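Step one of this worksheet: look at the structure below.
Note that the structure is a prediction, hence the values are computed from the model and not measured. Hydrogens, waters and symmetry mates play no part in the numbers below; they use all other heavy atoms, side chains included.
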Amino acid sequence: MQLRPYQTDVITAVKGDWTTHQDVLLVMATGGGKTQCFLQIAMDVLDSEPNARVLVLAHREELIFQPLERVGAMNNAWLMTGPLSKPRVGVVMANRNDCDRQLTIATIQTLSSKKRLAQLLSHGPITHLIIDECHHACARTYVALWETLRAAYPALRHLGVTATPLRADGDGLSRVYGHVSARVTIADLVRDHYLVQPRWLGIATDISVQGVKTQNGDFAQGQLAERFDSTVSHQLVVQAYREYAKDRRAIAFTASVAGAHALAALFRDRGVSAGAVDGTTPKDERRRLMEDFRSGRFQVLTNCQVATEGFDAPGASCVLMCRPTKSDSLYVQMMGRGLRPAGADPLRPGMATAGEDCLILDFLPAETRNIVMAGDVLGLPKEVTRSVTKQAEPGEVQAGFTFDGDSFNTDGTPLEIVARQLDYLQASPYVWYRHDGWLTLGLGEASDHNERILAIAPDGPPWKLYGLLRPKQVDGARWRSKCIATGADIAELGEQGNAIAARWGSSTLITKGRSWHAQGASEGQRNWLHKLARGDIKSRDIALLSKGECASLITHYQAVRFLDIPVADAVEGAA
């Protein structure tokens, strides 16, 4: 099995870092071949150090047998007799007790037994520890184990491997790993065609998550299931699948075990072959169902927290997110199940063919502010991902994009507008500010003693550029406004606004990169913003704003407030 170029680089980085760091982390997106990488590292160590012993640790059975099979595929001869005159690889789990091997693959549950751990160490210390799916490594059982291993061998070298370095409960892996050896992201793999392009559609629901409690960093499962494992919700899932993905093999993630089985039953009732697995499914039956799905014997596999780790199904080209989550790591795990190429191109085995994609149907709650969506984990600016505000009818597409590893194509979706606005704001030399869809730019007081604001309203196209003017030196003077220009291209309107800013704007206020922007907001600014925002921004959030952010928000609320009041007078000198 030939290593990919980036895998060779990763292996070199880890082995090099082990010379100066004992505990290192490898972050590699699902589909990047992390199992192959850490096994090659282990094999290289054992080939170069005959007295070394390597322990690969995982927390689920599926993650135990996968490495064992992969070693055989990489180099079957390596499995044969080693320096100990025995097979080099063994398993410690349940009734298997190969404690005397050079490379041991074990579950954390088994080695939490002092007796089994003592048996393992009776054949010599573990010199190298590799933890698969190491986002679990902060858990007490893991910490206790590697502390015991280090006590037995102080020079222990430790590698953690994960696709998702964030834990839902916020307990950072920096407590365990002092150095990150390499990061291989989804974007890297999509760009180089080792993963297929994600194509995301946000499907509207009118299901509210208001009042659902948070436990361990995510929605409380029971309360979430009451909302999203209902008959109405499942009907939306089946309807959307039949409309947008009916020829695709799909993996569906539900909020509960009962929901997984109910959804599979509904799919079958509607003529779509489906099976369900959960943690209580007997192991032999679970293996059979997963193999049947991989082989295409049925179309949809529904599950609750089973297919998130250690499950490969390259033929699956659709992921059904039938439940919202607050957890980046869980979302990445679910999404990653559909990103592996089918491997149909004989000239580029294991790589994505032209146009190959994975359709992610994300069933969005009525409130999207605090949930994770595909754009969040792929690098789409937060402001774009949070701008799913045009509520469609339940079952209809609310937003969407396709990601090619470099850029997001949002054509034809509500996100297109936001993406164009952000592109323009980034290119502009002036500090236009975007909030609630409005673009505003405060020009300050000009030489004619008039204060000006420019605003582009959010209800285009066509877009409207407004000018607001207030005589600064006149007591009680009110803002006056007029529409300066209308157009179909927001960038063209922005350039007209920039010309006005160049004529009337204070360079200290409007130019990007001024040092005062980063200073803490003054008490006067914070009080004025609190009054203008009328409770729209919480006091504790206002207290965290910089001067630049506070000034931009004050400008925004002034513009929105006074454009709401019809004013007949023209804004003289605004254009």
Side-chain angles (χ1 to χ4, degrees), residues 369-370 381-384 386-387 418 421-422 424-458 465-482 484 494 497-565 567 571-574:
R369 181 177 298 273
N370 294 317
K382 286 282 185 183
E383 191 167 2
V384 177
R386 291 294 155 256
S387 297
V418 185
Q421 288 178 334
L422 293 179
Y424 175 72
L425 295 187
Q426 187 174 9
S428 174
Y430 301 135
V431 284
W432 287 90
Y433 187 72
R434 186 180 189 280
H435 188 74
D436 291 340
W438 288 83
L439 303 184
T440 53
L441 177 62
L443 304 187
E445 183 180 356
S447 57
D448 63 355
H449 303 299
N450 290 324
E451 187 178 2
R452 292 174 173 82
I453 294 174
L454 297 174
I456 299 177
L465 172 65
Y466 291 93
L468 293 90
L469 179 147
R470 181 177 66 175
K472 185 78 170 179
Q473 303 297 325
V474 179
D475 291 340
R478 300 179 65 194
W479 287 96
R480 294 177 291 165
S481 66
K482 77 171 184 179
I484 298 171
N498 283 348
I500 296 170
R503 170 68 178 84
W504 296 106
S506 165
S507 61
T508 303
L509 292 176
I510 67 175
T511 307
K512 289 179 178 177
R514 296 288 181 170
S515 60
W516 68 269
H517 291 164
Q519 297 172 6
S522 68
E523 184 178 358
Q525 274 186 307
R526 294 195 298 268
N527 291 340
W528 183 224
L529 176 57
H530 180 77
K531 181 178 178 181
L532 286 172
R534 297 174 178 174
D536 190 37
I537 307 177
K538 295 178 180 178
S539 297
R540 65 173 180 268
D541 294 329
I542 292 177
L544 299 175
L545 295 174
S546 68
K547 276 188 176 179
E549 292 168 333
C550 204
S552 294
L553 281 166
I554 288 171
T555 297
H556 163 79
Y557 283 107
Q558 286 177 322
V560 172
R561 179 176 177 181
F562 290 106
L563 278 177
D564 283 342
I565 302 173
V567 178
V571 184
E572 297 174 4

Report yes if some heavy atom in the side chain of [X] is under 4.5 Å from a heavy atom in the side chain of [Y]; otherwise report no.
{"X": "Arg534", "Y": "Arg561", "value": "yes"}
{"X": "Arg480", "Y": "Arg470", "value": "no"}
{"X": "Trp504", "Y": "Glu451", "value": "no"}
{"X": "Asn498", "Y": "Tyr430", "value": "yes"}
{"X": "Leu532", "Y": "Ile554", "value": "yes"}
{"X": "Leu443", "Y": "Leu454", "value": "yes"}
{"X": "Tyr466", "Y": "Ile456", "value": "no"}
{"X": "Leu545", "Y": "Arg526", "value": "no"}

Got a second to check how far [X]'s [atom1] is from [Y]'s [atom2], nearest 0.5 Å?
{"X": "Arg514", "Y": "Ser507", "atom1": "CZ", "atom2": "OG", "answer": "5.0 Å"}
{"X": "Leu529", "Y": "Leu553", "atom1": "CG", "atom2": "CG", "answer": "5.5 Å"}
{"X": "Ser515", "Y": "Lys547", "atom1": "OG", "atom2": "NZ", "answer": "9.5 Å"}
{"X": "Glu445", "Y": "Ser506", "atom1": "CD", "atom2": "OG", "answer": "9.5 Å"}
{"X": "Ile484", "Y": "Ile500", "atom1": "CD1", "atom2": "CD1", "answer": "4.0 Å"}
{"X": "Gln519", "Y": "Gln525", "atom1": "CD", "atom2": "CD", "answer": "10.0 Å"}

Note to self: Tell me whether the count of non-hydrogen atoms from other residues, nucleotides or ligands lying under 6.0 Å of NE2 in His517 goes above 12.
What the structure shows: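 Counting other residues, nucleotides and ligands, NE2 of His517 exceeds 12 neighbours.
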
Next item on the list: Check Leu469, Leu468, Leu441 against Arg452 for a side chain to side chain contact (heavy atoms under 4.5 Å, CB included) and give me the one that passes.
Entry: Leu469

Next item on the list: Dump the intermediate steps for side chain to side chain contact (heavy atoms under 4.5 Å, CB included) on Trp479 and Leu563, then the final yes or no.
Entry: CA-CA 9 Å; Trp479 287 96; Leu563 278 177; over 6 Å; no

Next item on the list: Decide yes or no on side chain to side chain contact (heavy atoms under 4.5 Å, CB included) for Tyr433 and Leu439, but give the supporting numbers first.
Entry: CA-CA 5 Å; Tyr433 187 72; Leu439 303 184; over 6 Å; no

Next item on the list: Would you please test Trp432 and Thr440 for side chain to side chain contact (heavy atoms under 4.5 Å, CB included) and show each step?
Entry: CA-CA 5 Å; Trp432 287 90; Thr440 53; 5.7 Å; no

Next item on the list: Assess whether side chain to side chain contact (heavy atoms under 4.5 Å, CB included) is satisfied between Leu509 and Trp516, documenting all intermediate values.
Entry: CA-CA 9 Å; Leu509 292 176; Trp516 68 269; 3.9 Å; yes

